[in-house]
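Computed over heavy atoms, backbone and side chain alike; hydrogens, waters and symmetry mates excluded.
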Amino acid sequence: MIDKEQQQRERAYKIWEDEGRPDGAHADHWQRAERPDDLADQESDDVTKVNQRADDEFANDKDEPDNGADIRPPSTVAPD
């Protein structure tokens, strides 16, 4: 059986990975890993949902051309 500190270490590592491996957040991740599993899992789920929403918004952004062949330079015709 894995001891309590090892479980906390693994939860802190998962939180760190879920947040994109930021530098300087070790103490926060360690503290959050002390919470019960269901809270840490909920935070992970929340981060995943936010990331998925951002990915969906980016994929649905129609302001950009679909591919490089659709890119056209601006017109250089001078006004009269």
Could you list the donor-acceptor pairs under 3.5 angstrom formed by side chains in residues 19-28, with sequence neighbours left out?
residue, atom, partner, partner atom, Å
Glu19, OE1, His29, NE2, 2.8
Glu19, OE2, Arg32, NH1, 2.6
Glu19, OE2, Arg32, NH2, 2.9
Arg21, NH2, Glu17, OE2, 2.9
Asp28, OD2, Arg32, NH1, 3.0

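- Between Val47 and Asp18, the closest heavy-atom pair is CG1-O, 3.1 Å.
- In the hydrophobic clustering, Tyr13 connects to Trp16, either directly or through intervening members, whenever side-chain heavy atoms lie under 4.5 Å apart.
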Lys49 and Gln52: CA distance, side-chain angles, deciding distance, side-chain contact (heavy atoms from CB on, under 4.5 Å) verdict: CA-CA 5 Å; Lys49 287 176 187 175; Gln52 184 61 51; 5.7 Å; no
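- Atoms CD and CD, on Glu34 and Glu5 in that order, are 10.5 Å from each other to the nearest 0.5 Å.
- In this structure a side-chain-to-backbone donor-acceptor pair under 3.5 Å is present from Gln8 to Trp30.
- Contact record, Ala33 with Ala12: CB-N, 3.4 Å, taken as the closest heavy-atom pair.
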